[in-house]
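What follows is a set of notes on a single structure, which appears directly below.
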Amino acid sequence: QVQLVESGGGLVQPGGSLRLSCAASGSEFSINYAGWYRQAPGKERELVATLAGDGSINYADSVKGRFTISRDNAKNTAYLQMNSLKPEDTAVYYCNLQNRLWSYWGQGIQVTVSS
């Protein structure tokens with residue numbers, strides 16, 4: 001019955017910033033893992049950033065130094081702060097949250113970087 005609600009996407013000019021949010025319903029989700037993925041038209045879904053249960057963080061080389069993944073367990077929410085956006089960042093972004101039992105995916109949210 002858990003649902004992930006994504007927000008914060010939209011249209012932004014190159015060099016701009018956006019912050020994506022991924023909020024899980026339910027009183028106690030207990031996030032163990034959070035991940036952000038993206039998919040551009042005609043391309044496979046690719047990993048953008050991960051935040052594991054032990055606190056380790058990994059970024060795709062293409063976003064390293066520009067994007068930051070984080071989570072707020074009290075709000076059952078994960079975030080992706082995106083700075084210095086480039087046209088090649090244009091894609092549908094998906095969040096994935098996991099607790100000890102299940103994995104959940106967001107519906108996806110459009111990010112368009114264009115002049």
Side-chain angles (χ1 to χ4, degrees):
Q1 296 178 350
V2 171
Q3 294 184 2
L4 304 186
V5 179
E6 298 185 43
S7 62
L11 175 65
V12 65
Q13 291 184 316
S17 298
L18 289 172
R19 189 181 75 161
L20 304 183
S21 298
C22 179
S25 63
S27 59
E28 293 288 342
F29 186 84
S30 186
I31 297 173
N32 181 256
Y33 165 90
W36 287 93
Y37 303 76
R38 67 186 182 187
Q39 187 169 22
K43 296 184 177 181
E44 297 292 326
R45 185 175 299 186
E46 65 175 343
L47 180 67
V48 176
T50 64
L51 175 55
D54 63 359
S56 61
I57 296 175
N58 287 290
Y59 297 100
D61 289 340
S62 59
V63 308
K64 191 171 297 182
R66 300 186 298 119
F67 290 12
T68 303
I69 187 172
S70 62
R71 66 186 177 207
D72 186 336
N73 288 328
K75 297 180 179 179
N76 292 334
T77 301
Y79 304 94
L80 184 68
Q81 178 67 46
M82 304 184 294
N83 299 325
S84 301
L85 284 162
K86 304 174 181 180
E88 50 263 44
D89 295 318
T90 296
V92 176
Y93 284 71
Y94 300 87
C95 63
N96 173 235
L97 302 183
Q98 299 174 20
N99 56 25
R100 286 188 172 274
L101 295 177
W102 305 106
S103 175
Y104 302 89
W105 286 92
Q107 292 183 246
I109 190 165
Q110 179 69 47
V111 171
T112 301
V113 185
S114 176
S115 299

Closest non-hydrogen contact found for Leu4 with Ala24 is CD2-CB, 3.5 Å

Check your understanding: Should the ring pair Trp105 and Tyr37 be called parallel, tilted or perpendicular, given that the plane angle runs from 0 to 90° and is split at 30 and 60?
Key -> tilted

Separation between OG1 (Thr50) and CG (Asn58), nearest 0.5 Å, reads 4.5 Å

* Considering residues, nucleotides and ligands other than Gln39, do more than 12 of their heavy atoms fall under 6.0 Å from its CD? -> yes

Output for pair (Tyr93 OH, Glu6 CD), nearest 0.5 Å, gives 11.5 Å

All heavy atoms of Ala34 vs all of Ala78, minimum pair found to be CB-CB, 4.1 Å

- Query: Should the heavy atoms of other residues, nucleotides or ligands under 6.0 Å from CD of Glu88 be counted, would the total exceed 12?
  - Reply: yes

Value for CG (Asn99) from CD1 (Ile31), rounded to nearest 0.5 Å, stands at 9.0 Å

In this structure, CH2 of Trp102 is separated from CG of Asn32 (nearest 0.5 Å) by 15.0 Å

Q: May I ask you to decide if Ile69's main-chain N or O and Tyr59's side chain share a donor-acceptor pair within less than 3.5 Å?
A: yes

One should read off an interatomic distance between Cys95 SG and Arg71 CZ, to the nearest 0.5 angstrom, of 14.0 Å

Residue set satisfying salt bridge (charged side-chain N to carboxylate O under 4.0 Å, His left out) with Arg66, at least two apart, ordered chain then number -> Asp89

Exercise. Decide yes or no for Ser25 and Val5: does some side-chain heavy atom of the first lie under 4.5 Å from some side-chain heavy atom of the second?
Key: no

Heavy atoms of Ser56 and Asp54 approach each other most closely as OG-OD1, 2.7 Å

Taken to the nearest 0.5 Å, the spacing of Ser103 OG from Leu97 CG works out to 8.5 Å

- Message: Is the shortest side-chain heavy-atom distance between Thr90 and Gln110 below 4.5 Å?
- Response: yes

Scanning both residues in full, the closest heavy-atom pair of Ala49 with Leu80 reads CB-CD1, 4.3 Å

pair Arg38-Ser62: side-chain heavy atoms closer than 4.5 Å: yes

Examine Trp36 and Tyr94 and state if one hydrophobic cluster contains both, with Ile, Leu, Val, Met, Phe, Trp and Tyr joined whenever side-chain heavy atoms are less than 4.5 Å apart.
no

ask   = Would Tyr79 and Val63 show up in the same hydrophobic cluster when neighbours are defined by side-chain heavy atoms closer than 4.5 Å?
value = no

Exercise for the section: Report yes if the side chains of Phe67 and Leu85 come closer than 4.5 Å at any heavy-atom pair, otherwise no. Expected result: yes

Do the non-hydrogen side-chain atoms of Tyr104 and Phe29 ever get within less than 4.5 Å of each other?
yes

Original post:
Just wondering, are more than 12 heavy atoms of other shown residues or ligands nearer than 6.0 Å to CD in Gln3?
Top reply: no

Sorted by chain and number, sequence neighbours left out, side-chain hydrogen bond (donor to acceptor under 3.5 Å, both in side chains) with Ser17 holds for Asn83

* To do: Taking the side chain as every heavy atom from C-beta outward, state whether Tyr33 and Asn96 have any pair of such atoms under 4.5 Å apart.
  => yes

